[in-house]
Amino acid sequence: MPALRLDAAALPPELDDLRRDVRAFLAEEIAAGRIVPHADNWLAGWDPAFSRRLGERGWIGMTFPREYGGSAAGSLARFVVTEELLAAGAPVAAHWIADRQSGPSLLKFGTEEQRRAYLPGIARGEIGFAIGMSEPDSGSDLASVRTRAERTGGGWRVNGTKVWTSGAHVAHAMIALVRTGPAGESRHEGLTQLIVDLGAPGVRIRPIRLLTGEHHFNEVVLTDVFVPDDRVLGTVGDGWRQVTSELSFERSGPERILSTFPLLAAVAGRLAGRGADAADRTRIGLLVARLWALRRMSLAVAARLAAGDAPATEAAAVKDLGTRFEGALIETVRLLARVEPDLASSDPLAALLAQSVLHGPGFTLRGGTNEILRGVVAKALLPRGEAR
Amino acid sequence: MNDIVQDLVDTVDAVCARHADPERDWNPRLWDELERVGVTLLPVPEERGGAGADLATTAEVLRVLGRHAAAVPAAETALLAGWLLAEAGADVPSGPLTAAVAGPDVALREDAGGAWTLTGTLPRVPWARHAEGVAVLAGGRVAFVPRGGYEVEEGANLAGEPRDTVRLQDAAARVLASAATEKAFRERGALGRAALMAGAMEAATGLAVRYAGERVQFGRPLARFQAVQQHLAEMAGETLLATVAAQAAAADGTGFAVAAAKAAASEAAGTVCRLAHQVHGAIGFTDEHGLRHFTTRLWAWRDECGNEAEWGEAVGARAVDAGTEGLWPLITAGADG
Ligand SMILES: Cc1cc2nc3c(=O)[nH]c(=O)nc-3n(C[C@H](O)[C@H](O)[C@H](O)COP(=O)(O)OP(=O)(O)OC[C@H]3O[C@@H](n4cnc5c(N)ncnc54)[C@H](O)[C@@H]3O)c2cc1C
C-alpha cells in the first residue's frame, strides 16, 4: 500500500515555550471573561477584537515572511498555536480563513502589490477573507462553476452567485473561482481565481441562516462586478490547479479533529467530579486514544507540509477520519454526560453538547464531503484508470 | 524515518519476501536470516549481545514482520525476553526466546545451596515450544529457564501461532535481581503488538486493493464501484492511523502513548478486517486465500497484551484524573508525558 505514507513526527522542543505562552494567554482571556469557550468555534466564533489581540502577539500570519507583517515562525509553530486555540474553544473565525488559506494562497500566487495590500492586515487580525467556490448548482462538482468573468477595459466583469460563503458579511474580500474560458475536455481549464472586494458595487450579500438561526454563511450575488486586472490571483486559466493546491492546507489541519474537543474536556471534568466507573473510563478512554492517534496523524501531515511536500491524499484520509471522529465523540459524550443538550444552559457541558449536536452535520460536509475525500484516497490507492 | 532505519527496513522486507511462509507456525529459516541481518535483538544493548537500537527502529522492523505474517517470536525475543535479561545484567543468548510474567500460583524458591527453582503454570506463552528458553518476571527477579526445563502443552491463537501452556516443576532457573515492572512488561508487549498490527493492516489493505482491481463483476473491476472504493479508502485511513500511532508510541515510549496506540490500533484492526473480507467476497473466507493470514492475526493480536477495553480504560483513567483543564496537556505531552 505504498500510495499512502505518513511517518510519525515530533514537534521541535523549542516550540514548548510558545505552547506555554499561548496556554497562559488563553487561560487569562477565559478567566477575565473576554472569551467563552464554544464547540466548533473556528466556524462560529466571530470576534474581531480577539483576533486583533492574537495579531498583536504575532500569532496570526505565522507562516508569512516578516516583510509582509508575518512572524515567519513557520508552519509547525502555527500548528501549535492553532491547536491550542481550538482545544480551548477560542473564537477564531474572524481570521481563520485568511490565516489558513487565503494568506498562503496570496503568498504563493499573488503579486508583490497584492501581498503588501493584504498580508500585513491579515497578520494584524484586521482583514478577513471569504472563500467563493460553491454555487447553487456546484457543490462537490466544483469544476462545474458557472460564475463568469468577461474581459472589459482594464479588468473583468463578473456575474454569478456564490453560496455557503462563510463570513462574507464580515470579511473584506473573497477569493472567487470563476469561469473565464472554455472548460476543455478535462473540465478544469478556463477557471480563474479573482480577489473580489466585498464592498464593490454590484456585490449583494444575503444571509443563509444555519438550522440554529445563526448567521454564518451567505449567498453572494455578483452583478456586473468590476474586478481590475491587478486583482486576478495568479494566472488566468490556472484557477483549478491553484484551488486544489489550497486544499492540502484546508484539509489537514487540527480543526478537522478538534471541533468538539471542548465538549470532551468538559465531560472529563464531569466524570472527575461525579466519579467514573470502568465502563465510563473505557468509553472516554477510547475517544482520547483515537484523538491522540489522529492528532499524531495531523502532525505527521503538517511535518510533510513544512518540509515542502504536498501530501494531499494523506491529508484527505486524515480529514475523513478526523471529521467522523468529531461527530462520533458527540454520541459517546451524550451517553456519558446524561444531560439534555441546551444552548441556554448555565451548565457548560449541556451548552457545549447542544452546540456540538447542532453543528454536527457540517463537520463531514465543509471543505469537501467525506464521500468525495474517500474517492480521492481510493483513486490514489488504485492503479491509474482502475477507479474510473 | 532516517536512511539507516529505511535501509534496515528494506533489508528485513527483502528477507521476509524470500523466506516468510505464513502457513507454518514457526519458520526457523526466516529466524536464521533475521539473526544474520542482526534484527532479532535490536533494542538490546550491544554489550549484552544486541544491536543497541531504539524502540522506534524496533517497531519499524516489527511492522515489516507483521506485513509478511512472519512466523517468528520477534516481539517476544527483542522486546520482552531480551529486555528482561539485559536489564538484569545478563548476556542475551541467540535463538528465539519467549517471556512471561509469573502469576500468583508460580513459586520461585532458593534452596540452602543458593540454587533457584521455579514451580507453577504459565498460560498462553507465545512460541514456548520453539523457544530456547523462557524469561519469567517474578516480583523483582528475572528467572531464566532454558529449553528442556519445562513441559509444554501446545495451544494456539486464532492465527495458529503457538500460545502454549508452560508447566514448571522444580525447574532449575538462573535468577537475577530485576528492576523491570509488570506494567513495563505489559506495555512493551502492547507496543510490539501495535507495530505488528500496523503491518498486518497494511497487508490486508494491500490485498483488498489488488483484488478490487482484478475481480470483474457486472463487466468491470470491483474498483470501479464507488461503494467498494469507499471501503478501500476507509481501510487505508485506519491503517495509516495505526501506523502513525505505533510509530509515535515507540518514539515517545511513555505509558500513555503506548496505551493510546494499542487501544487505537486494536479498534482499527476490527474495521480493517471487516472491510477486507467484505471486499474479497467468499474467496477471502476460505483457507485457500492468503487474506486469512492477516485477518486471523489481527483478530488475535488485538486481544493479546490487552485489548482496546483494557487500554482504553487505562487512558480513560488518566483522562478523568486530568479533568477539564488537564486533558489537552495530557494529549499533547511528548516523550516526557
Ligand atoms: C458549514 C459550512 C461552511 C461552508 N463554507 C463554505 C465557504 O466558505 N465557501 C464555499 O465555497 N463553500 C462553503 N461550503 C460548501 C461546501 O464546500 C459544500 O457543502 C461541499 O463541497 C458539498 O457540496 P454540496 O453541499 O452542494 O453537496 P453535494 O455536492 O450536492 O452533495 C450532497 C451529497 O451527495 C454526495 N455526493 C456528491 N457527489 C458525489 C459523488 N461523486 N460521489 C459520492 N457522493 C457524492 C456528497 O458527499 C453529499 O453527501 C460550506 C459548507 C458548510 C457545511
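Computed over heavy atoms, backbone and side chain alike; hydrogens, waters and symmetry mates excluded. So that the names make sense, note that chain A is the first sequence line, chain B the second, and so on, each numbered from 1.
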When you measure from the side chain of [X] to the backbone of [Y], do you find a donor-acceptor pair of N or O atoms at a distance under 3.5 Å?
X	Y	answer
B:Q229	A:A378	no
B:T324	A:A265	yes
B:E308	A:L286	no

- Query: Can a donor-acceptor pair be found between the side chains of A:E84 and B:W328 at a distance below 3.5 Å?
  - Reply: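 A donor-acceptor contact under 3.5 Å links the two side chains.
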
Decide yes or no for [X] and [Y]: does some side-chain heavy atom of the first lie under 4.5 Å from some side-chain heavy atom of the second?
X	Y	value
A:V288	B:F256	yes
B:L330	A:W292	no
A:R5	B:T243	no
B:D252	A:R296	yes
B:L241	A:L294	yes

Is [X] in contact with chain B via its backbone, its side chain, both, or neither, using a 4.5 Å heavy-atom distance?
X	value
A:L373	neither
A:L299	neither
A:L271	both
A:A276	side chain
A:R283	neither

- Audit row: A:R290, B:E238, salt bridge (Lys or Arg N to Asp or Glu O under 4.0 Å) steps and yes/no: CA-CA 11 Å; A:R290 191 160 173 93; B:E238 295 291 336; 2.7 Å; yes

